[in-house]
Number of protein chains: 2
Amino acid sequence: MQIKEIIESSKRHWETALPHLSIDCVVFGFDQQQLNVLLLKLKDNAENWILPGGYVLKKEALDDAARRILKERSGADKIFLNAFNVFGDLNRSEGYFTEYDDDLWHKQRFVTIGYYALVDHESVTPVIDASSEDCRWMPIDELPEMVMDHKSIIENALATLREQIRYKPIGYNLLPEEFTMPELQRLYEAVLGYKLNRGNFYRRIMRYNILKKLDKERKGGAHKSPILYSFDKDNYQKALNEFSW
Amino acid sequence: MQIKEIIESSKRHWETALPHLSIDCVVFGFDQQQLNVLLLKLKDNAENWILPGGYVLKKEALDDAARRILKERSGADKIFLNAFNVFGDLNRSEGYFTEYDDDLWHKQRFVTIGYYALVDHESVTPVIDASSEDCRWMPIDELPEMVMDHKSIIENALATLREQIRYKPIGYNLLPEEFTMPELQRLYEAVLGYKLNRGNFYRRIMRYNILKKLDKERKGGAHKSPILYSFDKDNYQKALNEFSW
DNA sequence: TCAAAAGTGTTGAATGTACACCCATGT
DNA sequence: ACATGGGTGTACATTCAACACTTTTGA
């Protein structure tokens, strides 16, 4: 980002957004192989990547802000969003923009709200916004160097996701509308980081009664066409609200 | 609180604290019978109670702010503190202070960080601070009318606590240094809201290896003197960090 | 002597884990 | 034919829940 652009956006932010408060989104996506996180690279920051983040408008609910930021900065839409933690240490954003004037928006002390989002990898086309040079999926086990405390924010989000998957269904937002049993299992394995037994996984999922078996199969693969499933939205929602699985 | 006092504190806050950001603490305490929450009643608000809350100083870490606020407003010290959620809806603090000027600190739109705290009931003497008329423990199942969304913040905190107790040890901060097995069990029952089987509870707790049996008993009771225990701090900490119980 | 506390035993149900079998089917 | 997927059976271990028995001990 050019200096001029930074100054411009600084003025705009002071007018429209709540100061000292930011939102950072950890966007998880699944590409049938591994779990990925959506990261940006800023124009002025040659080496380090950042989380898609932004600010809360003065008349905007926090959750709406997270949704908007995600849409603007990455193109991701209609997603599962959840505030998972707050990062408010003093030194977390120190040492950045030191060469600028003190009234620069970005030089403030920020308390950031960490949101994690689950999106369907297929339905998201990473959008490179005005201030970014790159926007892409990165596998969670090969994260690049990141700015500030962003790497630990991701780790914190992943830990939260792994806890949640133990007692809440996950998948509705990470998979396409229709998917196969092996795909769902690979998703669980990617999140948890270890292999699951196929038969047991099948029974466990079926027991929760959140799947609808469709009357079609995925054609074109090398072997037997796997049956397609979709989530039963009502039961899925019920399972989300109970904390019993 | 008198109008003059409000205006005074408003000026002070604008100078020292981060705007638009507040902290509310849900302080749980256990009195050997039931689970309580520490609540304040403001001088100017005849009927409604509020959570002990406050603001984040410009050069103060979020967690430190929560600790300070708790100390100042309730006298509670050395406690277990944990940010459990953020409340950032637009209408959550609307409709208050409408009769005041717009530059009144308290009339801002606030995003509040919810902290929950676990304290030893014995070691806390509720302190009535300058702006409060009352400060006292209230049982969680008989909460009074509360201001804004404070009641739902408490419910959210309790739900978090009930989830945590399933896989993390709880008690170190809610009980005195030395306690008996029935006391610990009553705490668990108070948090969960239902009775537990004594023998099974005993074995479960012992299995986690977080208790030290002391060589003394609690004298003076009507019947057999129960054995005193204390927590093994190292193992307790280890159990806190694993998420496996 | 009575009631509470401490500790242990037992039993059946439920759940989790590992493995294996059978069938279907697309190339 | 063969590799993959779908579905089920089974056997073992672990865990949980309910209950009961014993011993200790303070007033």
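Residue numbers begin at 1 in each chain, while the letters A, B, ... track the order of the sequences.
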Original post:
Any chance the side chains of Tyr115(A) and Asp63(A) put a donor and an acceptor closer than 3.5 Å?
Top reply: yes

Original post:
Judged by modelled atom types alone, do Gln164(B) and Tyr116(B) share a side-chain donor-acceptor pair under 3.5 Å?
Top reply: yes

Closest to the [X] side chain, choosing from [options]:
| X | options | result |
| --- | --- | --- |
| Asn197(A) | dA17(D), dG5(D), dA18(C) | dA18(C) |
| Pro182(B) | dA6(C), dG6(D), dG7(C) | dA6(C) |
| His223(A) | dA6(C), dT17(C), dT4(D) | dT4(D) |

Original post:
What does Phe201(A) touch in the nucleic acid at a heavy-atom separation under 4.0 angstrom: a base, only the sugar-phosphate, or nothing?
Top reply: nothing

Original post:
What does Met206(B) touch in the nucleic acid at a heavy-atom separation under 4.0 angstrom: a base, only the sugar-phosphate, or nothing?
Top reply: nothing

Does [X] make a side-chain donor-acceptor contact with the base of [N], cut-off 3.5 Å?
| X | N | value |
| --- | --- | --- |
| Arg218(B) | dG26(D) | no |
| Arg198(B) | dA6(C) | yes |
| Arg203(A) | dG9(D) | yes |

Subject >> Pairwise 5' ranking along DNA chain C for Lys224(A) and Ile227(B), keeping only the more 5' one >> reply: Ile227(B)

Original post:
How do Arg207(A) and Glu217(A) order along DNA chain C: which one's closest nucleotide is nearer the 5' end?
Top reply: Arg207(A)

**OP:** For Arg186(A) and for Asn200(A), locate the closest nucleotide of DNA chain D by heavy-atom distance; then report the residue assigned to the nucleotide nearer the 5' terminus.
**Re:** Arg186(A)

Atom [atom1] of [X] and atom [atom2] of [N]: how far apart are they, to the nearest Å?
| X | N | atom1 | atom2 | value |
| --- | --- | --- | --- | --- |
| Leu196(B) | dA17(D) | CG | P | 9 Å |
| Leu211(A) | dG6(D) | CG | C1' | 13 Å |
| Tyr194(A) | dG16(C) | OH | C1' | 12 Å |
| Tyr188(A) | dT17(C) | OH | C1' | 18 Å |
| Arg204(A) | dT15(C) | CZ | P | 13 Å |
| Ile205(B) | dT8(C) | CD1 | C1' | 17 Å |
| Glu183(A) | dT4(D) | CD | C1' | 13 Å |
| Lys213(B) | dT24(D) | NZ | P | 13 Å |

**OP:** Answer with yes or no after comparing the ring centroid distance for Tyr172(A) and Phe80(A) against a 6.0 Å cut-off, counting only values under it.
**Re:** no

Original post:
Does the separation of the ring centres of Phe231(A) and Phe179(A) fall below 6.0 angstrom?
Top reply: yes

Subject >> Arg218(A) bridged to Glu183(A) by N-O distance under 4.0 Å >> reply: yes

**OP:** Look at Tyr202(B) and dG7(C) and indicate whether a side-chain polar atom (N or O) is within less than 4.0 Å of OP1 or OP2.
**Re:** yes

